[in-house]
Structure formats: C-alpha cells, structure tokens
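Since this is a predicted model, take the numbers as computed values, not measurements. All chains are named by letter (A, B, ...) in the order of the sequence lines, taking the proteins before the strands, and each is independently numbered beginning at 1.
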Amino acid sequence: MSNSFPKEEKLKSRKLIEKLFSDGKSVSKFPLKLVFIPLTEHQSTSVNVLAGFSVPKRKFKKAVDRNHIKRLIRESYRLQKTTLFNNLPTSYAFMFLYLGKEQPSFIQLNKSMEQLLNRFLKQINKQ
RNA sequence: GUAGCAGGCUAUCUUAUCGCUUUAUACCUUGUAAUAGGGGAGAAGAGGAAAGUCCGGACACCAUAGAGCAGCAUAGCGGAUAACAUCCGUCAUCCCGAUAACUAUCGAGAUAGGACAAGUGCAACAGAAAGAAUGUACAGGUAAUGCUGUAGUGAAAUCAGGUAAACUCUAUGCGGUGCAACGCCAUGUAAACCAAUGCUUGAGAAUUGCUCGUUCAAUAUUGGAGGGUAGGCGGUUAGAAUUGCCAGGCAACUGGUAAUCCAGAUAAAUGAUAAGACUCGACAGAAUCCGGCUUACAGGCCUGCUUUUUUU
RNA sequence: CGGGAUGUAGCGCAGUCCGGUAGCGCACACGGCUGGGGGCCGUGGGGUCGCAGGUUCAAAUCCUGUCUUCCCGA
C-alpha cells in the first residue's frame, strides 16, 4: 500500500510549479536534479510530498523517449519514497529533472535516486 | 525451387509480484429515505503511421458574416464521395519493353492535360533576321521583287511561330476564427460590463487585405448583473464506427441485414522486477473527431507478374 | 494547436523578386617588396547552391514534395 503513487501525490498546480522554479532550491546528483520548495500550511493537504517529473525536449526529441524516461524516474521515486516520508518533518513540492543525454537503465537511475534523496535529507537537516 | 518488381495483411509472446488511468457490482458507515462518504473483486487501456500539419470535411462561436475589388485554389471527359488537391474508369500525349517491320499491335508506366484565333511581356550564345523584321551562297522562277527550294545558325526561322509551373483571360469553388472554439459552476476583486432615457459631436473606433456599406461612440441619470481570473464540470468520444453475410456496379463505392462497443488522459494513464520461449522484436506515443496525402520502418505471411533452373 | 523564417566555398554573407557568367570579405596556396617577421601588392585553388521530382532549349532562381535548424503566438 505504501508504495502506491496516486493522483493526489502528483504536482499539478501550474501556479505551484511556477513558484517552484522561481523560488525553489535544488539538489543534484547526475543525471538527476531535484527542485523543491516547502509547502505552506494552507497549501498542504494530507499528502506529504507533491512530486512532478520532467525531461527536456531539447535533449530528447522523440516523445517516446521522454515518456519512457519519465516513467523510469517515477517508478524509482515510487519505490523509494517510503523511507523519505519517514524522515520528513514538513510537506514539500518536488520536481525531478533529467539532465543526461542518453537513455538510462532503471538500475542506474535507482542508485542515483537513492543518493539524491539522501543529499536532500542532509540539506534539510542542516537547516 | 531461385532472384526481382508491384499490391495487400501483420506489427514478439507467456507467467508471477509491485504500481498507473478509466469504469465498476457485492460490501461498510451516517441517515426514515433519496443520497453522501468509504471501499475496491472484476473489466478495459496508444498507432499503421498516433508523426509532418500538406489538403478536405464535421462541430462550435462571431450578425460589422452584406456588396464590389483584390487574393487563393482547381483545370481533358465521365463517375465515386459529406467533401477534397483523394480515389476509380476512360481518351489524348510522352516514355520503356516485346512482336512485327517503318507503321501498327500488345504489355508496363508517367502527365499541374482549359486558352498564346484578346492584350502585354520574354528568348543568353550563335545567327542576316527571334516577330511593326528581312538577308548571304547555290539552284529554280518572274515584267519585277526573298517569289520558291536547299545550305547555314539555333531549343525554336513564316507558320493563325514558341512560351501561361510569364503577367493574363475563361470556367468553377472559397465569410472569418478555431475545442485554449463554446456552455455551466465555484471563488472573489472591483465599476473597466449591459440595457433604457437624454445630450453633443460625426472627429474617432470596429470588421477579412482595400473600398462602399454597416455598427459603435465622451459625460449624466435609472435599471440590470455583468467583466477579469487556465480552479472545477461539460464539450469528450456510439461514430460518414467495426466485423460477418447478401445484393448492385468494370471499378472507386453503394444499399440491405445481423452482431459488437473498441483509449479518453489533462504537468498528461501502459512501467519496473523475476523467469521462460522464439524468427531476438523496426519506425515510433492518442490530446475535439473523421476522410485522404506525405514521410519513417526490422521481421513474418499472402496474391499477381517477370527472370532463371529442374522434371513431366 | 496555430503562424513564420532559414539552408550557396573552411567561416560570415550577396545573387533568387524579373531563369542564361555562381560572386564578395576573412581564411588557404604561390610569387613580389624586406636582411627576416609583420604588413602591403599581385596571382591562383576551392562550391552536388539541403535533398528528390517536375516545367523549360536552359533552373541557385519557377512549381511540387521532403528534410534540417531556428523563432513567434495562445
């Protein structure tokens, strides 16, 4: 049950996304980059994290490739988000970006995701 | 059997676990009930090109949608179609191959294929001369003359010359904007909206590129409830639909009948892991919906024609 | 979803409207001026005009299709 990734946990609001890119901070571990921003109280719901995924069109011209990479990232996030939620004090909005130029394998992506989330937690705890 | 060409069909599969989108019965809770909330067994879930956006429609709104000009598109003839620049048939012209022999027949293919007997323009080099023109050599001819033939230049040389994928003319068609169209709800700022009345001006503004025409029009009073904002719902998938059979037609296609329901997302749903099979898997991801065209593309299957080999 | 531009020599551009010779600058090669370099002067080489097809006697130019790159609007 905890591994599911329903609609409510997806980042959908256009305003929130714009605010995320203008005011948000970022952590990166090649080939992934995470942009995040804390959610204010009235924005936060029962959900811990709102997450979105993006692959630039400039690097992957074919829609099939972009879709596939987004699916891989989403799958990797879905499998690892439980441990993240256990250590999070407040709610956040996430946007994952893919920076690489080639099609990744799921195993590589999974490792990168693990390291990326650890770096994120460290940065949070410093503050 | 082999190789090639053309056309059509197909587009890896199986199992388990975790997850995504749509739909959803039983069930649980509140409640008299309608209903509301929870729940989630099961079912369904990208393409032949979903692509390029090159044509044609459907559908929606705009009443300043009218008239004229301009502009754009099409172009043998006949048919199909909702419509088309698509498709089918056919004629003509051109090209290739075979037969046959200097002219036809057969097969395969290509064609933006109306008009230069309305006007305007254009034709490098060569050539006397490229269109209100005339001339060299030889020959012929005349009362006389480029009057006639041949040579020569050129893609084209006197003939109602060529050229319209040159302007143009003829015929036919085309209102504009596009689902982010458009309708509704919620939130909520503010007087930027609408109607009526009255007043002044006819300046200015609006529209399809232009003209005509048309419409609006400062401010004030009264009345109405509108305007902006991508937050949500509808539009949104049952259709010029698919499949089978029968009938009509040379064909494109049409009619009848039976059965079926076959994606509907909205930062945007198909993936991951493990195992197995084979021929080892190409190009590639729906976004309002259809009909075409074009482009990309591994393998497999079917049909027809041609080449060559073997057997009868 | 809609609209527009671009492609010509190694690089940057003109020529395309209105069809007949492909040109300019930088760079490159050779020669000269100088004792040498730089600089200047002269000469020269180098282009499938993105690709395919068509119209035409003739196409970078006209027409059709297609590909690449880039930009704009919602």
Q.
For A:Glu102, I'd like to know if atom CD has over 12 heavy atoms of other residues, nucleotides or ligands within 6.0 Å.
A. no

Q.
Less than 6.0 angstrom separating the ring centers of A:Phe94 and A:Phe120, yes or no?
A. yes

Q) Whom does B:A43 pair with, Watson-Crick or G-U wobble, provided both distances fall under 3.5 Å? A) B:U22

Q) Counting only Watson-Crick or G-U wobble pairs whose two distances fall under 3.5 Å, which nucleotide matches B:A100? A) none

Q) Across all strands, who's sitting opposite B:G7 as a Watson-Crick or G-U wobble pair, both distances under 3.5 Å? A) B:C302

Q: To the nearest Å, give me how far apart CD1 (A:Ile73) and P (B:C20) are.
A: 18 Å

**Q.** C1' atoms of B:A225 and B:A190, separation to the nearest Å
**A.** 14 Å

Q.
Please name the nucleotide paired to B:U12 by Watson-Crick or G-U wobble geometry with both distances under 3.5 Å, or report none.
A. B:A277

Q) Given atom CZ of A:Arg78 and atom P of B:U270, what is their separation to the nearest angstrom? A) 11 Å

Q. Expressed in whole Å, how much space separates the C1' atoms belonging to B:G114 and C:A58?
A. 27 Å

(Q) Whether A:Arg74 contacts B:A269 is assessed here as follows: a side-chain N or O lying under 4.0 Å from the phosphate OP1 or OP2. Is that the case? (A) yes

Q) Is there a donor-acceptor pair under 3.5 Å between the side chain of A:Ser112 and the backbone N or O of A:Gln108? A) yes

(Q) Could you check B:A46 for me: syn (within 90° of 0) or anti? (A) syn

Q: Take A:Lys111 and A:Glu114 through the salt bridge (charged side-chain N to carboxylate O under 4.0 Å, His left out) test and state the conclusion after the steps.
A: CA-CA 5 Å; A:Lys111 284 182 186 171; A:Glu114 189 180 350; over 6 Å; no

Q) Mind checking the C1' distance from C:U69 to B:A50? Whole angstroms is fine. A) 25 Å

Q: Please give the nucleotide sitting opposite C:A14 as a Watson-Crick or G-U wobble pair, both distances under 3.5 Å, or none.
A: none

Q. Taking the same atom, C1', in B:U187 and in B:U229, what whole-Å distance lies between them?
A. 10 Å

Q. What integer number of Å spans the P atoms of B:C54 and B:C305?
A. 42 Å

Q. Between A:Leu50 and A:Tyr92, does a side-chain contact (heavy atoms from CB on, under 4.5 Å) hold up when you go through it step by step?
A. CA-CA 7 Å; A:Leu50 293 173; A:Tyr92 283 88; over 6 Å; no

Q) In whole Å, what separates the C1' atom of B:U294 from that of C:G65? A) 8 Å

Q.
Within the 4.5 Å heavy-atom criterion, are A:Lys70 and A:Leu72 side-chain neighbours or not?
A. no

Q: Could you classify B:G47 for me, syn or anti, using a glycosidic angle within 90° of 0 as syn?
A: anti

Q. Where does B:C262 land, syn or anti, once you apply the within-90°-of-0 test for syn?
A. syn

Q | Who pairs with B:C245 - Watson-Crick or G-U, where each distance is under 3.5 Å | A | B:G256

Q: Take A:Phe106 and A:Lys70, find for each the nucleotide of RNA chain B with the closest heavy atom, and name the residue whose nucleotide sits nearer the 5' end.
A: A:Lys70

**Q.** Span that lies between the P atom of B:U219 and that of B:A191, in whole angstrom
**A.** 15 Å

**Q.** Residues within residues 60-69 of chain A bordering RNA chain B, heavy-atom distance below 4.0 Å
**A.** A:Lys62, A:Ala63, A:Val64, A:Asn67, A:His68

Q: Using whole Å, report how far NZ of A:Lys57 lies from C1' of B:A51.
A: 12 Å

Q. In the strands shown, is B:A160 matched to any nucleotide by a Watson-Crick or G-U wobble pair with both distances under 3.5 Å, and which?
A. none

Q: Could you give the distance separating B:G175 and B:U208 at their P atoms, to the nearest angstrom?
A: 14 Å

Q. Just checking A:Leu72: base, sugar-phosphate only, or nothing, at a heavy-atom cut-off of under 4.0 Å?
A. sugar-phosphate

**Q.** Watson-Crick or G-U wobble partner of B:C94, both distances under 3.5 Å
**A.** B:G109

Q: Give the rounded distance in Å between these two atoms: CG of A:Asn110 and C1' of B:U273.
A: 10 Å

Q: Step through the shown structure and confirm whether more than 12 heavy atoms of other residues, nucleotides or ligands are within 6.0 Å of NZ on A:Lys33.
A: no

Q.
Tell me the interatomic distance from A:Leu109, atom CG, to B:U273, atom P, rounded to whole angstroms.
A. 11 Å

Q: Measure from CG on A:Leu50 to P on B:A267 and round the result to the nearest Å.
A: 12 Å

**Q.** Check: A:Val55 main-chain N/O paired with A:Arg66 side-chain donor or acceptor under 3.5 Å
**A.** no

Q | Check: A:Arg71 side chain, B:G285 base, donor-acceptor under 3.5 Å | A | yes

**Q.** Atom-pair distance (CG on A:Leu79; P on B:C20), nearest Å
**A.** 12 Å

Q.
From CG of A:Leu97 over to C1' of B:A267, roughly how many Å is that when rounded to an integer?
A. 12 Å

